[in-house]
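The structure appears below as structure tokens.
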Amino acid sequence: MSDCIFCSIAAGKIPSDTVYQDEHLVAFRDLNPQAAVHILIIPRVHLASLDQAGPEHGPVLGQVLLAAGEIARQEGISGGYRVVNNCGKSAGQTVFHLHFHLLGGRDMGWPPG
Ligand code: DGP
């Protein structure tokens with residue numbers, strides 16, 4: 001989508017601190033980190049949110065989680081990290097291109113706010 005900031009990042013039109021990419025996914029450091037390690041993992045395909053995902057997106061959603069584990073190992077946080085998806089405005093979603101936050105490098109509370 002031409003007016004989507006994460007589509008532009010995935011296409012390399014907007015610079016980002018990319019830590020992983022392949023033909024399906026891109027992962028880059030969050031502009032406003034909430035933990036020592038805060039990486040966003042996005043599918044290249046534009047979906048506004050998890051609510052728009054269907055069975056055909058099962059493979060890419062699985063790839064996101066496998067990439068999260070691999071990136072956590074690369075970043076040295078495999079002892080404790082969180083993968084978060086904010087789905088919809090009331091859950092805190094501000095960028096409407098499906099993304100998963102990989103957070104680690106600090107202690108975290110539960111339940112999340
Ligand atoms: P969410 O609130 O779940 O929609 O998370 C959106 C995140 O995206 C938020 O933590 C800040 C981050 N973000 C927004 N714009 C940019 C950008 O242009 N570059 C990067 N690296 N991160 C961004």
Side-chain angles (χ1 to χ4, degrees):
M1 241 174 78
S2 59
D3 60 347
C4 169
I5 192 156
F6 284 1
C7 282
S8 296
I9 288 175
K13 293 179 188 159
I14 292 178
S16 69
D17 188 352
T18 302
V19 299
Y20 175 83
Q21 59 181 317
D22 63 25
E23 66 177 302
H24 304 293
L25 307 177
V26 183
F28 51 93
R29 294 190 198 280
D30 195 291
L31 204 58
N32 183 23
Q34 302 300 313
V37 175
H38 186 170
I39 290 165
L40 301 173
I41 306 172
I42 69 167
R44 287 186 186 275
V45 63
H46 181 86
L47 293 170
S49 75
L50 191 58
D51 194 51
Q52 306 227 317
E56 68 275 27
H57 302 112
V60 78
L61 293 174
Q63 286 160 347
V64 164
L65 293 179
L66 291 171
E70 187 55 39
I71 296 165
R73 282 186 284 278
Q74 278 175 29
E75 294 286 324
I77 57 166
S78 54
Y81 60 87
R82 192 170 282 176
V83 179
V84 175
N85 171 250
N86 297 323
C87 181
K89 273 188 186 155
S90 63
Q93 185 175 4
T94 58
V95 176
F96 286 82
H97 178 124
L98 177 61
H99 55 280
F100 294 80
H101 300 256
L102 170 63
L103 297 144
R106 66 166 168 83
D107 290 338
M108 294 180 205
W110 191 263

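Both counts, for ligands and for their atoms, begin at 1 and track the order of listing.
- Contact analysis puts G92 in contact with ligand 1, with a non-hydrogen atom separation below 4.0 angstrom.
- Heavy-atom proximity to atom 23 (C) of ligand 1, evaluated over D17, L31, N32, I42, is greatest for L31.
- Contacts with ligand 1 closer than 4.0 Å are made by heavy atoms of both the backbone and the side chain of T94.
- For Q93 (side chain) and A48 (main-chain N/O), a donor-acceptor pair under 3.5 Å exists by modelled atom type.
- Between atom NE2 of residue H99 and atom CG of residue D30 there is a gap of 8.0 Å, rounded to the nearest 0.5 Å.
- With a heavy-atom cut-off of 4.0 Å, I9 touches ligand 1 through its side chain alone.
- The shortest distance between side-chain heavy atoms of E75 and R29 falls below 4.5 Å.
- In this structure, of H38, R29, H101, H97, the residue bringing a heavy atom nearest to atom 3 (O) of ligand 1 is H101.
- Remark: the backbone N or O of P43 is paired with a side-chain donor or acceptor of H97 at under 3.5 angstrom.
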Starting from the C-alpha separation in whole Å, work towards a yes-or-no answer on side-chain contact (heavy atoms from CB on, under 4.5 Å) for Y20 and I39. CA-CA 10 Å; Y20 175 83; I39 290 165; over 6 Å; no
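- Regarding atom 5 (O) of ligand 1, its nearest protein heavy-atom neighbour is H99 NE2, 3.0 Å.
- Looking at F100 and L25, their side chains never come closer than 4.5 Å, going by heavy atoms from C-beta outward.
- Counting protein heavy atoms only, atom 10 (O) of ligand 1 is closest to D30 OD2, 2.5 Å.
- Atoms of ligand 1 lying under 4.0 Å from at least one heavy atom of L40, given by number and element, are 8 (O), 12 (C), 22 (N).
- Inclusion of F28 in the set of residues having an N or O under 3.5 Å from an N or O of ligand 1 is not warranted.
- No donor-acceptor distance shorter than 3.5 angstrom exists from the side chain of R82 to the backbone of H101, with no hydrogens or angles considered.
- Distance from atom 14 (C) of ligand 1 to its nearest protein heavy atom, with residue and atom name: V95 CG2, 3.9 Å.
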Residues F28, I9; criterion side-chain contact (heavy atoms from CB on, under 4.5 Å); working and verdict: CA-CA 9 Å; F28 51 93; I9 288 175; 3.7 Å; yes
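- Contact annotation: F6 has at least one heavy atom less than 4.0 Å from an atom of ligand 1.
- Proximity to I5 (heavy-atom distance under 4.0 Å) selects the following atoms of ligand 1: 18 (O).
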